[in-house]
Q: 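Have a look at this one.
Throughout, a chain's letter reflects where its sequence line sits, starting with A, and its residues are numbered from 1. In this text the structure is predicted, and so the values were computed from the model without any measurement. Atom set for the values below is all heavy atoms of this structure, side chains included, hydrogens, waters and symmetry mates excluded.
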Protein chains: 2
Amino acid sequence: MEFKRLRYFLAVAEELHFGRAATRLDMAQPPLSRQIAALEAELGVQLFDRSRSQIRLTQAGQTLQEHARQILARLDAAYRETKLIGAGGAGRLRIAFVGSASHGILPNLIKAFRSAYPEVELALSSMNNADLQRALVQREIDVAVARPELKDEEFRRELLYREKLILALPDTPHFAAQAEIRFADLADQTFVLYPRRPRPSYADVVLGICAREGFQPARLELTQDFQSAISLVSVGVGLSVAPESVARTQRPGVIYRPYVGFNPGTALTIHARLDNRAPQVMNFFGIARKHARRHAQERKTAQDAS
Amino acid sequence: MEFKRLRYFLAVAEELHFGRAATRLDMAQPPLSRQIAALEAELGVQLFDRSRSQIRLTQAGQTLQEHARQILARLDAAYRETKLIGAGGAGRLRIAFVGSASHGILPNLIKAFRSAYPEVELALSSMNNADLQRALVQREIDVAVARPELKDEEFRRELLYREKLILALPDTPHFAAQAEIRFADLADQTFVLYPRRPRPSYADVVLGICAREGFQPARLELTQDFQSAISLVSVGVGLSVAPESVARTQRPGVIYRPYVGFNPGTALTIHARLDNRAPQVMNFFGIARKHARRHAQERKTAQDAS
DNA sequence: TTTGCCAATACCTGAAAGGTATCGCATGAC
DNA sequence: GTCATGCGATACCTTTCAGGTATTGGCAAA
């Protein structure tokens with residue numbers, strides 16, 4: 001049995017005339033007659049009453065007509081839906097990101113993707129770099145937004161943007177009074193860093209700055225992610241070092257301040273498995289690339305102006 | 001697109017291995033690979049991730065798999081249902097019969113058909129001979145059970161059984177007292193006959209008997225069908241002449257009695273359009289033929305014994 | 001580097017679908 | 001009754017395409 005035969009059958013069932021049906025199907029009448037005869041033979045059933053000069057559907061023909069309509073409609077739906085998903089116009093995209101990414105351009109990027117592909121369902125979650133790597137490898141997510149970039153040859157990556165590091169300080173008179181803070185002067189402070197595991201991690205980047213500035217922090221508090229670290233800062237446990245984009249979101253008990261000293265900056269990068277060429281992923285990277293370029297351009301313009 | 005391709009696709013989607021899928025489909029691997037590739041080309045969509053040595057369904061592949069399952073299930077249902085109806089094992093059969101048929105073997109015949117083909121829906125109705133003929137010609141019914149047989153070369157027919165005529169008399173002392181009733185003695189009675197239109201009809205058969213017995217009824221009351229005629233007899237309007245099978249159903253106010261005199265008998269015959277070779281009709285005729293034979297045999301045996 | 005597995009490709013063969021011409025049969029006109 | 005007409009079925013040819021065998025290519029494990 002083939003779809004073609006069902007289509008032929010439907011045409012004849014609707015026209016009740018082989019010649020007209022053949023015309024409508026853009027073919028000659030003899031092969032159409034033969035296909036219908038073959039269909040009847042295949043089913044072992046009379047589908048048409050050919051008595052006299054007039055053709056009528058038998059009961060069996062009527063039920064087959066009903067089924068054929070539904071089958072072909074369903075086939076058409078399968079066709080359209082599959083093509084749409086295959087083109088990335090629908091489906092599902094699982095994105096995970098580090099906590100500190102939710103303050104930068106990532107929200108805009110996601111908004112842009114949503115408006116470009118409204119039918120793609122986004123599954124968003126937040127995790128630290130190590131979990132991002134594991135989840136990506138195990139195909140639990142499609143896209144990882146990490147800081148700094150994940151070291152894995154099997155990943156496709158696109159740099160979203162670079163930014164300076166700033167200090168996240170508890171809102172105390174001690175810090176508020178200072179016009180300028182030198183990193184080297186922070187040796188006796190408690191540093192709240194993250195993630196605790198696995199090491200080396202972003203925490204070691206900050207410890208690297210300390211070393212470069214000639215000290216080891218007096219006290220070290222390690223948390224699992226950025227959000228927890230900032231919480232500890234807000235209740236006065238100590239200070240932290242964060243990407244400057246997080247300063248856009250003000251939080252009671254926390255003040256953000258630039259510092260004087262070694263500032264390697266930090267970069268936000270999106271990743272996907274190289275072998276995951278799903279159109280949803282490729283489209284996301286496409287939009288991300290445009291966003292990254294525009295953002296870089298804007299920073300450059302702003303820098304030139306200042 | 002063809003069903004075969006969907007089946008191939010499903011096999012590969014389930015096995016996730018072209019070689020095993022090909023074995024399961026009882027074919028070689030290369031043509032299977034080609035068919036899948038053709039399907040992907042036709043849809044313009046990647047259905048499988050062939051990265052590394054392992055095969056995975058893409059999102060598009062997953063949705064197609066879902067659709068394909070439903071389409072093939074539906075196709076299978078269409079197949080089975082159409083074949084069943086085509087073989088007469090299901091569907092619908094419209095039977096109409098004259099009122100006087102509901103007392104003879106027709107109920108048994110219908111019961112027999114129902115138990116042989118329980119899935120065939122029976123649409124039963126009652127009408128007089130003239131309407132039976134019209135309804136059959138206009139394809140409003142499939143089978144007509146008529147008395148006497150319908151004169152039309154375009155009908156297939158099968159005689160169900162012949163029977164004697166008897167008198168249907170009002171339950172009065174006058175008739176109850178007589179041991180034997182001679183038809184010729186009924187000249188001064190009111191005859192309740194049917195149908196009124198169109199003529200000639202069964203009413204004229206009875207008038208023919210009267211003529212043969214040498215009289216015309218003193219009074220004539222014409223009704224549209226057998227049921228109405230018997231009702232009139234039951235309230236004492238007059239007498240009627242009926243097939244003896246109706247006597248099996250006793251009715252208050254009516255007594256059935258044989259008579260002495262000319263008795264041409266009457267026959268119940270089933271009809272269908274010659275061009276209606278629907279299996280439901282053919283099956284009904286088949287059962288009817290068996291019933292007719294058995295009934296004739298029983299009567300003969302009973303006759304020989306007496 | 002080699003071996004093995006597995007899908008893809010090359011090439012051939014055969015079945016089947018489509019086209020043209022024609023037949024057979026019924027219907028309706030004269 | 002005969003003839004013309006309409007329409008589906010059949011005969012025969014051509015072309016397309018699905019399937020088979022042999023082989024290649026690429027990746028992964030030994």
Q: Round to a whole Å and report the spacing from CD of Glu40(B) to C1' of dA7(C).
A: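 Rounding to the nearest Å, CD of Glu40(B) and C1' of dA7(C) are 12 Å apart.
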Q: Looking only at side-chain N and O atoms, does Gln133(B) offer a donor or acceptor that is under 3.5 Å from a partner on Asp152(B)?
A: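 Side-chain D/A pair, Asp152(B) to Gln133(B): present.
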Q: Using whole Å, what does the distance between atom P of nucleotide dC5(C) and atom CG of Leu16(B) come to?
A: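 Those two atoms, CG and P, are 20 Å apart.
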Q: dA8(C), dA9(D), dC6(C): which one has an atom nearest the side-chain heavy atoms of Arg50(A)?
A: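 Nucleotide nearest to Arg50(A)'s side chain: dA9(D).
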Q: If you count the non-hydrogen atoms of other residues, nucleotides and ligands that lie under 6.0 Å from CZ in Arg134(B), is the total more than 12?
A: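 Enclosed: over 12 neighbouring heavy atoms sit under 6.0 Å from CZ of Arg134(B).
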Q: Among the candidates dT21(D), dA8(C), dA17(C), find the nucleotide nearest to the side-chain atoms of Pro31(B).
A: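 Of dT21(D), dA8(C), dA17(C), dT21(D) is nearest to the side chain of Pro31(B).
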Q: Around atom CZ of Arg20(A), are there more than 12 heavy atoms of other residues, nucleotides or ligands at under 6.0 Å?
A: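 Yes, enclosed.
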Q: At under 4.0 Å, does any side-chain N or O of Gln35(B) touch on OP1 or OP2 of dG19(D)?
A: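 Checking Gln35(B) against dG19(D): at least one side-chain N or O falls below 4.0 Å of OP1 or OP2.
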Q: The side chain of Arg34(A) lies closest to which of these nucleotides: dC7(D), dG18(C), dA7(C)?
A: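 Selected nucleotide (nearest to the side chain): dG18(C).
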Q: From the set dA9(D), dG18(C), dT9(C), return the single nucleotide nearest to any side-chain atom of Pro30(B).
A: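 The answer is dT9(C).
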Q: Looking at every non-hydrogen atom in both residues, tell me the closest pair between Leu132(A) and Val145(A) and how far apart they are.
A: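 Residues Leu132(A) and Val145(A), closest heavy atoms: CD1-O, 3.3 Å.
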Q: Among the candidates dT20(C), dA17(C), dT21(D), find the nucleotide nearest to the side-chain atoms of Lys4(A).
A: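 The answer is dA17(C).
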Q: Rounding to an integer number of Å, can you tell me how far Ile36(A) CD1 sits from dA17(C) P?
A: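 It is 12 Å, rounded to the nearest whole Å.
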Q: Send over the distance from Ile55(B) CD1 to dC6(C) C1', rounded to a whole Å.
A: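 Ile55(B) atom CD1 is separated from dC6(C) atom C1' by 8 Å.
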Q: Is there a donor-acceptor pair under 3.5 Å between the side chain of Thr23(A) and the backbone N or O of Gly19(A)?
A: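 Yes, because the side chain of Thr23(A) sits within donor-acceptor range (under 3.5 Å) of the backbone of Gly19(A).
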Q: Separation of Gln46(B) atom CD from dA7(C) atom C1', in whole Å?
A: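 Result: 13 Å.
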Q: Rounding to an integer number of Å, can you tell me how far Leu32(B) CG sits from dC6(C) C1'?
A: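 Result: 13 Å.
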Q: Measure from CD on Gln29(A) to P on dT20(C) and round the result to the nearest Å.
A: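 Roughly 12 Å, once rounded to whole Å.
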Q: Roughly, in whole Å, what's the span from OH in Tyr8(B) to P in dA7(C)?
A: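 After rounding, the gap between these two atoms is 16 Å.
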Q: Where each residue is assigned the nucleotide of DNA chain C containing its nearest heavy atom, which of Ser33(B) and Met27(A) is assigned the position nearer the 5′ end?
A: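 Looking at the nearest nucleotide for each, Ser33(B) comes out on the 5' side.
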